[in-house]
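All residue numbers refer to positions in the sequence shown, counting from 1.
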Amino acid sequence: MAKVIIIGCGGVGTVVAHKCAQHPEVFSEIVIASRTLSKCEAVVKAIGRPNVSADRVDADNVEEIVALFERHKPELVINVALPYQDLTIMDACLRCGVNYLDTANYEPKDEAHFEYSWQWAYADRFEKAGLTAILGCGFDPGVSGVFTAYAAKHYFSAMETLDIVDCNAGDHGKAFATNFNPEINIREITQNGRYYSEGEWVVTKPLEFHRSLTYPNIGPRDSYLLYHEELESLVKNFPTIKRARFWMTFGQEYLTHLRVIQNIGMARIDEVDYNGTKIVPLQFLKAVLPNPQDLGENYHGETSIGCRISGKNKEGKPMTYYIYNNCSHEAAYRETGMQAVSYTTGVPAMVGAMMFLTGKWNLKGVRNVEEFDPDPFLEAVAANGLPWHEVIDGDLEL
């Protein structure tokens, strides 16, 4: 049993708090902290358990995070705040002797750039301090990396191609809304794409490549090639991979709105002057778009996220393998009050914390999820609302 602090109280943080509260045998005390105390208090009230409490912290401020840790003395912090805040939280962890877990890699505020180098640079300090930092423990990144590790452990002698495929076939009834933080979502989609091929990174224009892929229980959907951070760690940790790509589905209405947002300058992340006040257009847009936390009530349909892998099986023969999860927006909302995109990120974050606190994931230093044993994690993910399925030697379509 251990005390944890959850920093961040958006849709994902809400799911993490609900799921941690379901396991008092692991999480003896849970503190939810964010910049807005009232949001944390509302989640605490909704959970209604005496071991769950709220606090306030500005995660941009190392001293405030240190003070938070000193007040509560947690064993682990689950960081589901903004990616800009990863390093301040990691700095506070080193000062206070707190272990760390997040769901998205660090990126600077002034540049839409995803790279693990900033966090990997902390490896020696965490290891020398006897601490663990688990990076990218959502779904993608997160379960996608564990799926890959599971495939390597049980099926492949050499994985050669990896395609991570992410479909949201849900309908929330809004003309335009993002399924997680709009600022992060739009920055991610509007930057150049990248994929890995024969030891090199190939850069593409934003959403330049797309094709129709068939998703289980959903059918064909237009899928677009993006860069996603787990590709960087997976090709490093599984060097037999010759090609690695990430695909995500988007509807035409969504893409039309996105083009308009870009064309009129609302996707800009630099400051502009508005009546003598400096504002960032994308941050202003975030303030007027629907809050992803409020989408769940009217969300219908499901998500489908998985890994499609080809290579040589344990006997050296050609093999294809598809491992995936489908998650219902309605079921996620009934359980946690949040939609499936938040649910599929929040459940793995809780499970990763459980793996660490129960000693099943015990490597020191800064680690990506695929470096740990995949078996107990996937067993717990399935038992906590995200069952997964396998297709062996099927058509990968890629």
Side-chain angles (χ1 to χ4, degrees), residues 2 4-8 59-60 62 65-66 68-69 74-109 111 113-150 152-153 162 194 196 199 201 227-241 244 345 348-349 351-374 376-377:
V4 297
I5 290 180
I6 301 165
I7 296 183
D60 288 321
V62 175
I65 305 167
V66 166
L68 177 75
F69 290 167
E75 186 168 341
L76 174 73
V77 59
I78 302 173
N79 169 19
V80 285
L82 295 172
Y84 321 137
Q85 298 162 332
D86 290 358
L87 301 188
T88 55
I89 298 173
M90 292 178 79
D91 286 335
C93 285
L94 287 169
R95 283 178 53 178
C96 298
V98 176
N99 297 285
Y100 173 91
L101 179 147
D102 69 28
T103 62
N105 73 353
Y106 173 77
E107 61 175 285
K109 273 190 178 181
E111 183 183 5
H113 184 76
F114 301 85
E115 190 174 304
Y116 274 119
S117 62
W118 291 287
Q119 290 178 278
W120 283 346
Y122 281 67
D124 287 345
R125 281 176 284 171
F126 267 79
E127 192 159 356
K128 288 175 182 174
L131 297 172
T132 297
I134 300 171
L135 305 185
C137 197
F139 206 107
D140 47 350
V143 175
S144 57
V146 181
F147 277 167
T148 306
Y150 186 84
K153 179 178 178 179
L162 166 66
R194 273 198 296 162
Y196 184 79
W201 289 101
Y227 176 69
H228 230 238
E229 63 229 57
E230 67 262 46
L231 298 180
E232 182 184 13
S233 67
L234 288 170
V235 298
K236 173 176 173 279
N237 288 316
F238 299 102
T240 63
I241 294 176
T345 305
V351 171
M354 177 189 288
M355 292 298 101
F356 173 75
L357 294 172
T358 56
K360 295 182 176 69
W361 283 9
N362 57 10
L363 299 175
K364 303 300 180 187
V366 176
R367 306 285 183 167
N368 292 86
V369 292
E370 65 268 18
E371 297 178 63
F372 298 96
D373 184 0
F377 179 93

Problem set entry | Val80 and Ile6: CA distance, side-chain angles, deciding distance, side-chain contact (heavy atoms from CB on, under 4.5 Å) verdict | CA-CA 7 Å; Val80 285; Ile6 301 165; 3.7 Å; yes

Problem set entry | Separation of Ser233 OG from Arg367 CZ (nearest 0.5 Å) | 13.0 Å

Problem set entry | Minimum heavy-atom distance between Glu370 and Asn237, given as atom pair plus value | OE2-ND2, 2.9 Å

For this session: Flag the pair Leu234 / Tyr196 as yes when at least one side-chain heavy-atom distance between them is below 4.5 Å, and no otherwise.
Result: no

Exercise. Closest heavy-atom contact between Leu357 and Ala2?
Worked result: CD2-CB, 3.7 Å

Problem set entry | His228 to Asp140 - nearest heavy-atom pair and separation | CE1-O, 2.8 Å

Exercise. Which heavy atom of Pro74 sits nearest a heavy atom of Val98, and at what distance?
Worked result: O-CG2, 3.8 Å

For this session: Report the C-alpha distance between Asn368 and Lys236 in whole Å, list the side-chain angles of each, state the deciding distance to 0.1 Å, and finish with yes or no for side-chain contact (heavy atoms from CB on, under 4.5 Å).
Result: CA-CA 11 Å; Asn368 292 86; Lys236 173 176 173 279; 5.9 Å; no

For this session: Can you measure from OG1 (Thr148) to CD (Glu230) and round to the nearest 0.5 angstrom?
Result: 8.0 Å

Problem set entry | Residue pair Asp373, Lys360: steps toward the side-chain contact (heavy atoms from CB on, under 4.5 Å) verdict | CA-CA 8 Å; Asp373 184 0; Lys360 295 182 176 69; over 6 Å; no

For this session: Kindly determine whether Tyr100 and Ile89 satisfy side-chain contact (heavy atoms from CB on, under 4.5 Å), including the steps that lead there.
Result: CA-CA 8 Å; Tyr100 173 91; Ile89 298 173; 3.7 Å; yes

Exercise. Taking the side chain as C-beta and beyond, is there a heavy-atom pair between Cys93 and Val77 under 4.5 Å?
Worked result: yes

Problem set entry | Residue pair Leu87 / Gln119: nearest heavy atoms and the distance that separates them | CD2-CG, 3.9 Å

For this session: Could you check whether the rings of Tyr122 and Phe126 sit parallel, tilted or perpendicular, using 30° and 60° as the cut-offs?
Result: tilted

Exercise. Can you say whether the rings of Phe377 and Trp361 are parallel (under 30°), tilted (30 to 60°) or perpendicular (over 60°)?
Worked result: parallel

Exercise. Just wondering, more than 12 heavy atoms not from Lys128 lying within 6.0 Å of its NZ?
Worked result: no

Exercise. With no hydrogens and no angle check, is any side-chain donor or acceptor of Thr345 less than 3.5 Å from a backbone partner on Phe139?
Worked result: no

Seminar exercise, completed: Here the gap from Leu135 atom CG to Glu371 atom CD, rounded to the nearest 0.5 Å, amounts to 8.5 Å

Problem set entry | Pairwise side-chain contact, Leu162 with Phe147, heavy-atom cut-off 4.5 Å (strictly under) | no

For this session: Find the distance between CG (Asn79) and CG (Asp102) and round it off to the nearest 0.5 Å.
Result: 5.5 Å

Exercise. Going by atom types alone, do Gln85 and Asp60 pair a side-chain donor with an acceptor below 3.5 Å?
Worked result: yes

Exercise. Can you tell me how far CG of Leu68 sits from CD1 of Ile5, rounded to the nearest 0.5 angstrom?
Worked result: 4.0 Å

Exercise. Rounded to the nearest 0.5 Å, how far apart are CZ of Phe356 and CG of Leu101?
Worked result: 9.5 Å

Problem set entry | Nearest atoms (heavy-atom pairs only) where Ala104 meets Asp86 | O-OD2, 2.7 Å

